[in-house]
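Heavy-atom basis, side chains included; hydrogens, waters and symmetry copies ignored.
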Amino acid sequence: MNALARAALVALLVASSACQSAYYGIQEKFGVHKRDILVDRVEEGRDAQEAAKEQFQSALEAFKAVESFDGGDLEDVYDDLNGEYEKAESRVEAVKSRIAAIEDVSRDLFSEWEEELDEYDNAELREKSEQTMVETKDRYADLIAAMRRAEVKMDPVLEMFGDQVLFLKHNLNAKAIASLHGSLVSIESDVGILIRDMETSIAEADAFIASMETGG
């Protein structure tokens, strides 16, 4: 990276940081703190995962319908399948975006919390706050790990869907439809694993939200 590129990157990071600080400042004027923002973003991440889970299930059902195709317009079959794939692709991007937003605010929250521990005069209150922070960090680590586990499984499943859609695009015939059977077994298995991981992640999000809302 040359000097000009480095300078541009630094300027971009500074501008981004300034925007984030301004955002937090405005929110705090309305009584919304980083803790509240984190809870909101975890809720959004959970909802995005729930929507993605449902879309993967819908796409799987569409593939099953194609595999059992017994007559009709193959072009319509392809269009329906491609539509399901594109919706899944959009849901995956939404999940990734929500997870990144969660990580952004969590870093800022825990950094602020660490710094503010030094502002205590009362040692007992400082200790209690630090213990709460450690417990919150541990719960957050479990949450983000579950979200990331589910996230990394989405791309391979999406790629399998994409390959099948692309193949059908250029091979709209009964033989190509029949060839889906072998792939469907693998896709169904992988979708099942993905759904289980997403449900675990959603449950972790619910638990994290509940703990934050009860003051944990």
Side-chain angles (χ1 to χ4, degrees), residues 8-28 30 32-60 62 81-113 136-163 165-166 187 190-213:
L9 178 59
V10 169
L12 180 62
L13 291 174
V14 169
S16 177
S17 177
C19 289
Q20 191 80 311
S21 296
Y23 169 74
Y24 291 142
I26 292 169
Q27 291 297 314
E28 287 181 2
F30 291 96
V32 180
H33 300 279
K34 293 182 183 70
R35 179 190 183 96
D36 306 307
I37 296 170
L38 177 58
V39 170
D40 287 344
R41 291 190 181 178
V42 171
E43 288 176 343
E44 290 168 355
R46 175 201 61 196
D47 293 346
Q49 285 196 318
E50 183 66 47
K53 182 189 82 169
E54 291 173 1
Q55 183 54 43
F56 274 110
Q57 290 171 323
S58 178
L60 179 61
L81 199 58
N82 188 52
E84 291 292 336
Y85 167 70
E86 289 179 346
K87 288 177 187 175
E89 194 173 34
S90 176
R91 294 299 188 188
V92 167
E93 289 307 311
V95 169
K96 290 181 178 181
S97 175
R98 296 304 187 189
I99 292 175
I102 290 168
E103 291 184 318
D104 282 345
V105 73
S106 69
R107 280 192 297 268
D108 294 334
L109 169 63
F110 291 125
S111 177
E112 178 184 75
W113 204 335
T136 304
K137 276 186 173 183
D138 287 344
R139 285 194 296 269
Y140 173 77
D142 290 340
L143 165 67
I144 207 66
M147 284 190 157
R148 285 300 187 190
R149 277 195 301 272
E151 181 190 15
V152 298
K153 287 189 174 69
M154 290 192 298
D155 282 337
V157 174
L158 190 64
E159 287 166 6
M160 283 193 294
F161 280 144
D163 284 348
V165 169
L166 185 59
I187 291 174
D190 288 345
V191 169
I193 293 170
L194 170 61
I195 296 305
R196 287 195 294 274
D197 279 352
M198 294 183 85
E199 287 175 344
T200 297
S201 178
I202 290 165
E204 284 283 358
D206 284 335
F208 182 82
I209 292 165
S211 71
M212 295 291 277
E213 290 178 343

Could you list the donor-acceptor pairs under 3.5 angstrom formed between side-chain atoms of residues 153-162 and any protein atom two or more places apart in sequence or on another chain?
unit_1, atom_1, unit_2, atom_2, d
Lys153, NZ, Asp197, OD2, 2.8
Asp155, OD1, Lys96, NZ, 3.1
Asp155, OD2, Lys96, NZ, 2.9

Looking only at heavy atoms, what is the nearest atom pair of Arg98 and Ala48, with distance?
CG-CB, 3.7 Å

Applying ring-ring contact (aromatic ring centres under 6.0 Å, His included), name anything that partners Tyr140, two or more places apart in sequence or on another chain.
Phe110

Does the pair Arg41 and Glu44 meet the rule for a salt bridge (Lys or Arg N to Asp or Glu O under 4.0 Å), with working shown?
CA-CA 5 Å; Arg41 291 190 181 178; Glu44 290 168 355; 5.4 Å; no

Given side chain to side chain contact (heavy atoms under 4.5 Å, CB included), test Ile209 with Met212 step by step and report yes or no.
CA-CA 5 Å; Ile209 292 165; Met212 295 291 277; 5.9 Å; no

Which heavy atom of Val42 sits nearest to which heavy atom of Ala205, and what is that distance?
CG1-CB, 3.9 Å

Contacts of Asp190 meeting salt bridge (Lys or Arg N to Asp or Glu O under 4.0 Å) (sequence neighbours excluded), chain-then-number -> none

Any idea which heavy atoms bring Gly45 and Met147 closest together, and the distance?
C-CE, 4.1 Å

Non-hydrogen atoms of Thr136 and Phe208 that approach each other most closely:
O-CE1, 4.0 Å

For Met198 versus Ala52, what's the shortest heavy-atom pair and its separation?
CE-CB, 3.6 Å

Quick one: pull up CG in Leu143 and CG in Asp138 and give me the separation to the nearest 0.5 Å.
12.5 Å

Contacts of Ala146 meeting side-chain contact (heavy atoms from CB on, under 4.5 Å) (sequence neighbours excluded), chain-then-number -> Arg149, Ser201, Glu204

Salt bridge (Lys or Arg N to Asp or Glu O under 4.0 Å) with Glu103: which residues, sequence neighbours excluded?
Arg148

Within this structure, what is the CD-CG distance for the pair Glu199 and Leu194, rounded to the nearest 0.5 Å?
10.0 Å

Ser97: partners by side chain to side chain donor-acceptor pair (under 3.5 Å), with sequence neighbours left out
none

Tell me every residue that passes salt bridge (Lys or Arg N to Asp or Glu O under 4.0 Å) with Asp142, counting only those two or more places apart in sequence or in another chain.
none

Sorted by chain and residue number, the salt bridge (Lys or Arg N to Asp or Glu O under 4.0 Å) partners of Arg196 (sequence neighbours excluded) come out as none

In terms of heavy-atom contacts, Glu151 and Ile99 come closest through OE1-CD1, 3.9 Å

List in chain and number order the residues that pass side-chain contact (heavy atoms from CB on, under 4.5 Å) with Asp108, two or more places apart in sequence or in another chain; answer none if no residue qualifies.
Gln20, Tyr24, Lys34

Side chain to side chain donor-acceptor pair (under 3.5 Å) with Gln57: which residues, sequence neighbours excluded?
none

Arg46 meets the side chain to side chain donor-acceptor pair (under 3.5 Å) criterion, sequence neighbours left out, with Asp206

Taking atom types as modelled and ignoring hydrogens, do the side chains of Glu84 and Gln55 form a donor-acceptor contact shorter than 3.5 angstrom?
yes

So CD1 of Ile187 and CZ of Phe56: to nearest 0.5 Å the spacing works out to 11.0 Å

Rounded to the nearest 0.5 Å, what's the gap from OG on Ser106 to CG on Asp104? Could you check?
7.5 Å

Under the side-chain contact (heavy atoms from CB on, under 4.5 Å) test, which residues partner Ala94, sequence neighbours left out?
none

